[in-house]
Amino acid sequence: MLRRLQYEGAARVVAPALATGLRAQRRLRSWRRPKKEPSEWFGPPLRATYRLKEVLTRHYLSGRYADGAVPVAWVTSGFPIELLRPFGYHVVYPENHAAMCGVQRKGVKLAQVAEVWGLSQDTCGYARCDIGSFLSGNTPAGRLPKPDILLACTNICQTVVHWYRTLAAILKVPVFVVDTPFLSGDPDERTETYVAEQLEECMQLCARIAGKKVDRKALGRVAQRSKEASELWGECLALSQAEPAPWTGFEQFLHLGPIVAMRGLPECNAYYRELRDELRERVKHGIGAIRHERFRLLWDNLPIWYELRSLSTLLAEVGFTIVTTTYSYGWAETAPLFDPRDPIVSAARVYARVFINRSLDFRLEMMKKLVNTYSCDGAILHSNHSCKPYSVGQIDLADRLAKEASIRTLLLDGDHIDMRVHSKEQAEGRLAAFMESFGGL
Amino acid sequence: MLAYLESQKQQGRPIVLAFPILYPREIVTALGACAWEIWSQPLAQPIGSETNRLQAYVCPMVRSAQQVLSSIETIHPRPEAAILPHTCDSMQGLLSIALSTPAWDLPFLPFRYPRGSHGPASTRFLREEVLAFIASLEKALHRTLDPDSLQQALNLQEQKEDRLRTLLESLRYWQGSDIELYAALRSLEYLHPHDAIPLLDGLLSRVDRQKARTGVGIVISGMIPEPVDLFDILEDAGGYVAADDYASIGRRLPSRSTARNADPITSVVQRLQRMPPCPTRCSEVQPRIEYLRNLARASGARGIVFHTVKFCEPELFDVASIRKALGEDGLSVLHLETEFEAHATGQMATRLEAFIEMLGQGKAS
């Protein structure tokens, strides 16, 4: 009971109060400090970024008190989270958490804890970072609640199975894996039936752990909200078709937080409405994310979290901007498939058909579509040591995209979290040469 | 090897390439074909003039597979189809590349073992996947599978496996060198079961239960026994392989079953499900720990050597947990990584020698 009060209090009282305090502090600072010169390269910052901090602070703050108050699940980013919402689960996304560690450049230190424990440096950096965080108790989120269950879905990679099984052994909690077999060709009914059967099985298990009954009407309402959230996210992304683009692909990575971690919750949709409205306003007034947009790029694969700022600046200085990314688009792509009247079967479709679970030809077509829709002049494909399913095939993709979409492409070596396998100088050198090839610099 | 495969082709058995790890081999046999498994670079001379299409951080098994596919036009006897199971993200990525490369002119057959929580839905899906696999292999070979042929192939496969199982359970009494044993066992990657059975009988004739091997017995686990001179180093250091858990050998032997199914497809499905725990099938870690613990106990092994392939994520996750659990039992574990070098590296040799020496002295790690 006390734990529940702490959890609700953190979410409903402390976090909003903290947000109000942060806003007040920001205002106070802006009065006291001399007005900052506007950036030479970047447009004015998005107001929604502050709101994003509030939303995520609330999520992580309440999470500190979640275990013992409500059922807690740790889930992979591509897991059909809708199943859990009607049971009142608090959901933790280890991948989001690892990304947060990456942005704050804490990833390597945490990964090293996992390496001392026994994990090889050749395993996924997200996994090492999260396992290291758990083993050391060190997290920028303050504290992560202990899960009652681990839920993984293979639609993003097979690594999550190994990662979550390892976590389950450490945490001594059950793990349920929803398998979404790889779609080498067109989606087929037997694969999607298999996924739907597993979702049903998983939902029953989650109900038992939560001590609640399955409420299919409530599940339908959650599916409706998820559909809307994905559509809103899609609208936000689509606004970058404008020239100049009102936000960059790197900003999109940061604003992905709610669509990944809070899908199915009303506050997720409220947040994206606010973001969309601000982006619309920027488009209306011709406000660009960078001041002098000259060339527009597509980014493939996860970001290099610890280099977001430096890469953005390097690009913006010479008028380059990332206007679209395959990863951000992935969260909007299958939204139309959600059917609130048939949430399980439609979730099977939505989650089995994510682009990373599809063939190289499918991915190439999707990238060509993005290049055309967003008027891209080039593409950067981040060859990510940590992420095999995203990276294997990129050598072909870079080559074919260049030929078939008539754009310049660059394969940029890096890692989404492990700074030790990323050579900053070499990457910047390659990027500079790539940009020079566009001429007129 | 190539001469053998050529003779198979001349006998009317088309060649089907099979990439690691798990697929129902008995179906290939039942369709009158010969499976040629590609676990590493199969030919003495490196092949493949085409540009490398995989990053350096992709495991050497998958890179070898790509090299073979890149040179498909130059390989004789020419294969009729290639099986690419969803073993890991990298192998799956290679299948994607293969399917989008017209120059690799072969029918590519996926095989997706269910990776989920192994409930009833998984069994249903596996059965459907086996049926889909049969349909695509029939199409590729222009042949039709009849239930009798499948039953005969199953019987043949089981006879082969019974012999292999007996041999692997008797490694302590093997009268020969490990390098010789593994060279022979690797030929199972391409031998038709008809030819594999006499080979295994020959090997079994060299097992003498009255004469146990002396030295330090170890369990060896990993993907493939390569580089082979590792076994010379092991032997020179006073060790020998007492039990095998290589994915290419012992880890593909289904556990014994007395159940007889009227339906051969059910047998195929159950055989796949009865394989020893393997991370590439997304098995849980705990059963694998138990399995290795039992292997060590039954064979009298004093330690375990994990001989994994560089960048192999499924194995690398498991090794960490297994090492912890077995270490608590007092069973020493050594982890060696290979990139399919022609010879074991000096570092590999030194570590293996030191490990055997330590086990010989009866010290726990």
Side-chain angles (χ1 to χ4, degrees), chain A residues 114 117-120 122-124 127 131 154 157-159 161-163 165-166 168-170 175-182 184-185 188 190-191 193-198 200-202 205 358-364 383 385-396 399-400 411 413 421, chain B residues 51-59 62 86-97 99-101 108 110 112-122 124-125 128-129 132 279-280 282-286 289 308 310-325 335 337:
Chain A
W117 179 80
L119 277 181
S120 161
D122 293 327
T123 54
C124 167
I131 291 173
T154 59
C157 59
Q158 185 168 301
T159 299
V161 182
H162 311 303
W163 170 4
R165 290 216 198 283
T166 303
I170 297 172
V175 57
F176 191 98
V177 176
V178 172
D179 180 28
T180 51
F182 192 88
S184 292
D188 60 281
R190 75 181 174 89
T191 301
T193 304
Y194 165 53
V195 177
E197 284 173 347
Q198 294 172 83
E200 191 66 48
E201 212 177 308
C202 180
L205 174 66
R358 307 290 299 269
S359 68
L360 218 55
D361 286 338
F362 181 89
R363 278 172 62 186
L364 178 70
S383 171
H385 281 230
S386 268
C387 190
K388 307 286 191 301
Y390 224 139
S391 305
V392 173
Q394 274 184 322
I395 295 177
D396 279 34
D399 193 35
R400 290 177 64 189
L411 199 67
D413 210 31
V421 293
Chain B
T51 320
N52 191 11
R53 294 161 74 176
L54 295 169
Q55 290 94 330
Y57 52 83
V58 172
C59 93
V62 178
H86 191 156
T87 297
C88 62
D89 293 323
S90 300
M91 194 56 89
Q92 181 55 49
L94 181 65
L95 172 63
S96 269
I97 294 174
L99 290 169
S100 68
T101 307
F108 289 102
R112 304 174 299 175
Y113 190 87
R115 301 167 293 174
S117 287
H118 306 303
S122 291
R124 269 196 298 279
F125 179 75
E128 288 167 358
E129 196 64 10
T280 67
C282 294
S283 310
E284 288 177 30
V285 187
Q286 196 53 40
I289 292 170
T308 64
K310 180 88 175 149
F311 303 117
C312 176
E313 258 199 347
E315 284 278 49
L316 291 175
F317 271 99
D318 263 18
V319 169
S321 301
I322 294 170
R323 203 172 186 152
K324 286 253 167 294
H335 183 196
E337 271 191 330

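Just so it is clear: chains get the letters A, B, ... in the order the sequence lines come, proteins before strands, and each one is counted from 1.
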With a 4.5 angstrom heavy-atom cut-off, is it the side chain or the backbone of [X] that approaches chain A, or both, or neither?
X	value
H335(B)	neither
T308(B)	neither
T280(B)	backbone
L95(B)	side chain

Say whether [X] and [Y], considering side chains only, have a donor N or O and an acceptor N or O under 3.5 Å apart.
X	Y	result
R124(B)	T193(A)	no
S184(A)	S359(A)	no
T159(A)	D89(B)	yes

Using the side-chain hydrogen bond (donor to acceptor under 3.5 Å, both in side chains) criterion, which residues pair with S386(A)? Sequence neighbours excluded.
D415(A)
Among residues at least two apart in sequence or on other chains, which ones pass side-chain hydrogen bond (donor to acceptor under 3.5 Å, both in side chains) with K324(B)?
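Residues passing side-chain hydrogen bond (donor to acceptor under 3.5 Å, both in side chains) with K324(B): none at all.
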For [X], is it the side chain, the backbone, both, or neither that has a heavy atom closer than 4.5 Å to a heavy atom of chain B?
X	answer
D413(A)	side chain
A168(A)	neither
V175(A)	backbone
C202(A)	neither
R363(A)	neither
T191(A)	both
Q158(A)	both

Pick from L364(A), T180(A), D361(A), D396(A) with the largest number of heavy-atom pairs that fall under 4.5 Å of chain B
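Sorted descending by pairs with chain B, the first entry is D396(A).
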Is any side-chain heavy atom of V161(A) closer than 4.5 Å to a side-chain heavy atom of P279(B)?
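Counting from C-beta outward, V161(A) and P279(B) never come under 4.5 Å.
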Does D122(A) reach the side chain of K310(B), with side-chain heavy atoms less than 4.5 Å apart?
yes
Most chain A-contacting option - heavy-atom pairs closer than 4.5 Å, from [options]:
options	value
A121(B), P120(B), G93(B)	A121(B)
L316(B), D318(B), V319(B), V285(B)	L316(B)
Q92(B), H118(B), H86(B)	Q92(B)

Polar side-chain atom of E129(B) near backbone of R112(B) as donor-acceptor pair, under 3.5 Å
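Indeed, once roles are kept as given, a pair shorter than 3.5 Å links the two residues.
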Test log, rule side-chain contact (heavy atoms from CB on, under 4.5 Å), inputs F311(B) and V58(B)
CA-CA 6 Å; F311(B) 303 117; V58(B) 172; over 6 Å; no
